[in-house]
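This report concerns only the one structure given below.
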Amino acid sequence: MVLSLFRIVVGLLFACHGVATLFGVLGKSAKAVPDFAAWPSWWAAVIQVVGGTAVALGIGTRVAALICSGSMAYAYFVAHQPKALWPIENGGVPAVLYCWAFLLIAFMGADRWALGRQLGRAR
């Protein structure tokens with residue numbers, strides 16, 4: 001049950017980051033919305049929305065979580081780490097936390113509250 005709640009909360013928060021970036025809502029300025037298919041911001045936001053939603057719902061959990069984890073590792077090493085060594089110094093704490101949280105979810109997999117498991121039982 002705790003793993004289910006963890007997966008759902010992390011997935012929803014991650015999806016909210018993507019929605020905020022793509023649509024300029026939830027505290028983000030509409031002026032900061034990336035152009036369509038702009039690398040890497042637009043693609044990262046799409047991964048956040050799709051991957052976060054998939055993880056929260058428990059559909060393709062392991063694959064989605066692994067992709068989300070990789071995107072946060074990329075974000076950390078490309079955008080944050082060059083600024084300073086430690087995450088607290090370079091503003092990369094959220095990227096590191098998401099990376100490791102999604103890696104944990106990828107290894108733990110879906111649980112009994114996962115929609116993917118419920119759909120599998122219906123067959």
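Here the structure is a predicted model, which is why all the values come from computation and not from measurement. Note that the numbering runs from 1 along the sequence shown for the chain.
Placement of Leu26 and Phe14 in two distinct hydrophobic clusters is found when ILVMFWY residues are connected by side-chain heavy-atom separations under 4.5 Å, directly or transitively. Hydrophobic clustering of Ile, Leu, Val, Met, Phe, Trp and Tyr side chains at less than 4.5 Å, counting indirect connections, keeps Leu85 apart from Val78. Val9 and Met108 fall within the same hydrophobic cluster, defined by Ile, Leu, Val, Met, Phe, Trp and Tyr side-chain heavy atoms under 4.5 Å apart, directly or through other members. Residues Val19 and Leu57 do not share a hydrophobic cluster, defined by chaining ILVMFWY side chains whose heavy atoms lie under 4.5 Å apart. Using a 4.5 Å cut-off between side-chain heavy atoms of Ile, Leu, Val, Met, Phe, Trp and Tyr, with links allowed through other members, Trp39 and Val46 fall into the same hydrophobic cluster.
The shortest side-chain heavy-atom distance between Ile105 and Phe6 falls under the 4.5 Å cut-off. Leu22 has its side chain out of reach of Val33: every pair of non-hydrogen atoms, C-beta onward, lies at least 4.5 Å apart. Residues Leu13 and Tyr98 form a side-chain contact, since some pair of their non-hydrogen atoms from C-beta on lies under 4.5 Å apart.
Residues Ser71 and Ile47 share a closest heavy-atom pair of OG-CG2, 3.8 Å. When all heavy atoms are compared, the tightest approach of Ala64 to Val55 is CB-CG2, 3.9 Å. The shortest heavy-atom contact between Gly58 and Ala114 is O-CB, 3.6 Å. Nearest heavy atoms, Thr21 versus Ser41: CG2-O, 4.4 Å. Looking at every heavy atom in both residues, Ala95 comes nearest to Tyr76 through CB-CB, 4.2 Å. Across Ala84 and Glu89, no two heavy atoms sit closer than the pair CB-CB, 3.6 Å.
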request  = Apply side chain to side chain contact (heavy atoms under 4.5 Å, CB included) to the pair Leu103 and Leu66, showing each step before the final yes or no.
outcome  = CA-CA 6 Å; Leu103 192 61; Leu66 192 61; 4.2 Å; yes

task = Check the pair Ile8 / Trp113 against side chain to side chain contact (heavy atoms under 4.5 Å, CB included), numbers first and verdict last.
result = CA-CA 9 Å; Ile8 292 165; Trp113 285 7; 4.3 Å; yes

task = Determine, step by step, whether Val10 and Phe102 satisfy the side chain to side chain contact (heavy atoms under 4.5 Å, CB included) criterion, reporting the C-alpha distance in whole Å, the side-chain angles of both residues, the deciding distance to 0.1 Å, and the verdict.
result = CA-CA 8 Å; Val10 170; Phe102 280 118; 3.7 Å; yes

key: side chain to side chain contact (heavy atoms under 4.5 Å, CB included) between Met72 and Gln48, worked out   = CA-CA 10 Å; Met72 287 294 95; Gln48 290 170 351; 3.9 Å; yes

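In this structure, the side chain of Arg62 does not engage the main chain of Ala110 through any donor-acceptor pair within 3.5 Å. A distance-only check finds a donor-acceptor pair linking the side chain of Ser69 to the backbone of Cys99 [under 3.5 Å].
In this structure, CZ in Arg7 is found 5.5 Å from OG1 in Thr61, a value given to the nearest 0.5 Å.
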